[in-house]
Novice: 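Below is the structure I would like to discuss, written out as structure tokens.
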Amino acid sequence: MKRADAPRRTVVASGRGMRRATTTVGAIAALSSLVLTGCSAGSDPAHRTSPVARAEAAAATEKLTYDQDLRISDAEQHLVTVCMRKHGFDYQEEKPPSLEESRPVGYVQDDVDWARSHGYGSRIEAKEDRARLRNPNIGYRKSLSRSRQKAFDIAMDGGRDAVVLKAPTPSGGTISKQSGGCAGEAEKTLYGDPEAWFRSDVAVRNLRPLYVGKLLADKELKSAVAAWSQCMNKAGHPFPDPDAARQSTRDHSARQTPAEEARSFANETRIAVADATCARSVSLRSIGERREAHYIGELAGKYGPALTAHLRMQRHALTVAERTVPART
């Protein structure tokens with residue numbers, strides 16, 4: 001589902017398609033990975049309890065906010081742009097959407113005012129899709145000669161001879177990506193060690209399959225979702241869960257007339273407002289976050305080092321980003 005797991009990622013044009021930045025941010029319930037870290041020794045009671053309890057506390061308090069994650073993405077885009085221009089290319093920095101438009105829409109969306117203005121974000125998605133299609137850097141690369149296109153690719157990510165990073169996923173697979181050129185230099189500036197960042201990011205972003213089944217079967221979460229469903233039914237929107245409510249607003253043709261689009265968006269907004277209102281009334285977000293933190297906490301024994309490293313490098317990247325680009329408004 002779009003916009004469900006994280007803020008908008010920085011997109012960098014390259015010779016072989018679109019390269020997405022790997023920054024991540026926690027979202028709730030079953031739709032994303034959380035970022036957390038173990039706690040250092042100290043006098044706080046949480047430090048004297050089990051690793052699971054420490055991980056739960058960290059998950060609840062230490063993950064980056066979505067606006068901080070966006071600032072890292074914006075900094076990466078800026079660093080790539082500056083680097084590409086130094087290599088002699090007319091590379092254009094993207095104009096990012098506003099902070100409000102970039103807000104992630106997770107499994108639970110309980111901001112009633114945001115829902116009243118944006119529904120589930122369909123118009124924002126459409127705006128982003130149009131921007132991607134009109135990305136000037138893609139057209140610019142196509143306008144270059146073949147030799148200059150090759151030089152562009154080498155400058156961007158090291159080209160075909162770049163180092164290929166590989167990292168195992170928690171479920172047993174392997175993910176790889178090129179690391180070189182301006183993209184690699186940007187990650188080095190932000191995270192210090194691109195290879196270490198990639199390993200930890202792959203681990204953290206792919207924890208979901210290890211706990212999502214338990215989370216969806218969690219009695220407390222299921223009870224909260226049932227209460228949400230009862231609330232929605234009373235409001236005239238009989239849906240079993242938030243995902244079903246959201247998907248119902250997508251049941252229309254991809255091509256609509258302006259009048260049809262207006263009607264679809266009005267329906268989307270009505271359902272989204274009811275969804276957010278009911279989610280807030282039954283505390284669905286806080287329950288989902290707490291139960292997700294519990295199940296990720298159970299993984300801390302094995303994946304604690306990766307989680308700790310991930311947050312440490314994110315915070316380093318945020319420090320760099322704060323010196324590099326302004327916060328979105």
Side-chain angles (χ1 to χ4, degrees), residues 1-11 17-18 20 24-33 66 69-70 96-135 205 208-209 212-213 215-216 221-222 224-282 284-285 288-289 292:
M1 182 189 306
K2 282 189 175 183
R3 307 194 77 251
D5 60 346
R8 300 303 85 207
R9 303 289 185 231
T10 299
V11 179
M18 306 304 286
R20 291 185 179 272
T24 183
V25 69
I28 81 166
L31 300 179
S32 72
S33 301
Y66 81 94
D69 183 80
L70 286 169
S98 68
L99 184 63
E100 180 175 345
E101 289 179 326
S102 302
R103 180 187 181 123
V105 181
Y107 180 70
V108 178
Q109 203 301 96
D110 61 356
D111 187 325
V112 179
D113 290 337
W114 195 93
R116 189 172 290 117
S117 297
H118 303 290
Y120 289 116
S122 64
R123 286 182 170 175
I124 297 173
E125 289 179 20
K127 180 179 177 180
E128 291 175 334
D129 289 342
R130 290 193 297 271
R132 279 191 288 271
L133 290 173
R134 297 169 184 169
N135 188 318
R205 285 167 60 85
R208 181 181 58 163
V212 65
L215 179 62
L216 293 176
L221 180 60
K222 288 177 69 175
V225 171
W228 172 94
S229 183
Q230 289 179 339
C231 176
M232 287 290 283
N233 190 56
K234 290 179 182 178
H237 303 292
F239 297 109
D241 55 54
D243 186 51
R246 192 164 318 167
Q247 290 301 323
S248 74
T249 68
R250 307 295 178 91
D251 293 336
H252 55 70
S253 171
R255 299 192 174 207
Q256 301 182 90
T257 66
E260 289 171 337
E261 191 279 334
R263 287 193 294 271
S264 293
F265 186 69
N267 178 62
E268 174 186 335
T269 302
R270 282 193 297 271
I271 294 175
V273 167
D275 181 349
T277 301
C278 288
R280 186 172 289 273
S281 72
V282 301
L284 186 55
R285 173 179 290 277
E289 288 178 331
E292 185 178 37

Novice: Between Ser264 and Gln256, is there a side-chain heavy-atom distance shorter than 4.5 Å?
Specialist: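 SC-SC contact between Gln256 and Ser264 confirmed.
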
Novice: Only counting residues at least two apart or in another chain, list the ones meeting side-chain hydrogen bond (donor to acceptor under 3.5 Å, both in side chains) with Gln230.
Specialist: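 Result, side-chain hydrogen bond (donor to acceptor under 3.5 Å, both in side chains) vs Gln230: none returned.
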
Novice: Tell me the closest heavy-atom pair linking Ala245 and Ser248, and the distance in Å.
Specialist: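 Looks like O-OG, 2.6 Å.
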
Novice: Which salt bridge (Lys or Arg N to Asp or Glu O under 4.0 Å) pairs, counting each pair once, include a residue from residues 253-267, with sequence neighbours left out?
Specialist: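 Every salt bridge (Lys or Arg N to Asp or Glu O under 4.0 Å) pair that includes a residue of residues 253-267, provided the two are not neighbours, is Arg123-Glu261.
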
Novice: Given 3.5 Å as the limit, does a donor-acceptor pair link the side chain of Glu268 with the main chain of Tyr120, or not?
Specialist: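 Answer holds: yes.
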
Novice: To the closest 0.5 Å, what do you measure between OG (Ser229) and CG (Leu284)?
Specialist: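 One finds 11.0 Å between OG of Ser229 and CG of Leu284.
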
Novice: Evaluate salt bridge (charged side-chain N to carboxylate O under 4.0 Å, His left out) for Asp113 paired with Arg116, printing each intermediate quantity in order.
Specialist: CA-CA 5 Å; Asp113 290 337; Arg116 189 172 290 117; 3.1 Å; yes

Novice: Looking only at non-hydrogen atoms, find the nearest pair between Glu292 and Leu215 and report the distance.
Specialist: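 Smallest heavy-atom distance, with atoms named: N-CD1, 3.8 Å.
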
Novice: Closest heavy-atom contact between Thr269 and Ala115?
Specialist: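 For Thr269 versus Ala115, the nearest heavy atoms are CG2-O, 3.6 Å.
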
Novice: Which distance, rounded to the nearest 0.5 Å, do you find between the CD of Glu101 and the OG of Ser117?
Specialist: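 Output value for this atom pair is 11.0 Å.
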
Novice: At what distance, to the nearest 0.5 angstrom, does CG of Asn267 lie from CZ of Arg270?
Specialist: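 Reported value, rounded in 0.5 Å steps: 5.0 Å.
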
Novice: Between atom CZ of Arg130 and atom CD of Glu128, what is the distance when rounded to the nearest 0.5 Å?
Specialist: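 The CZ atom of Arg130 sits 10.0 Å away from the CD atom of Glu128.
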
Novice: Kindly assign one of parallel, tilted or perpendicular to the pair His118 and Trp114, based on the angle between their ring planes and the thresholds 30° and 60°.
Specialist: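 Rings of His118 and Trp114: tilted, as their planes differ by 30° to 60°.
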
Novice: Which is it for Leu99 and Leu70 under the side chain to side chain contact (heavy atoms under 4.5 Å, CB included) test, yes or no, and what are the steps along the way?
Specialist: CA-CA 8 Å; Leu99 184 63; Leu70 286 169; 3.8 Å; yes

Novice: What's the separation between atom OG1 in Thr249 and atom CG in Asp251, rounded to the nearest 0.5 Å?
Specialist: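 CG of Asp251 is found 8.0 Å from OG1 of Thr249.
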
Novice: Given Asp275 and Phe239, is the side chain to side chain contact (heavy atoms under 4.5 Å, CB included) satisfied, shown in steps?
Specialist: CA-CA 10 Å; Asp275 181 349; Phe239 297 109; over 6 Å; no

Novice: Rounded to the nearest 0.5 Å, what separates atom CH2 in Trp228 from atom OG1 in Thr277?
Specialist: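 Going from CH2 on Trp228 over to OG1 on Thr277, the span is 11.5 Å.
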
Novice: Please walk me through it: do Tyr107 and Val225 pass side chain to side chain contact (heavy atoms under 4.5 Å, CB included)?
Specialist: CA-CA 11 Å; Tyr107 180 70; Val225 171; 4.2 Å; yes

Novice: Show, in sequence, the C-alpha distance, side-chain angles and deciding distance for Gln109 and Asp111, and conclude whether the side chain to side chain contact (heavy atoms under 4.5 Å, CB included) test is met.
Specialist: CA-CA 6 Å; Gln109 203 301 96; Asp111 187 325; 3.2 Å; yes

Novice: Looking at residues at least two apart in the chain, or sitting in another chain, which of them share a side chain to side chain contact (heavy atoms under 4.5 Å, CB included) with Ala227?
Specialist: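 With neighbours one apart ignored, the set is Val282.
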
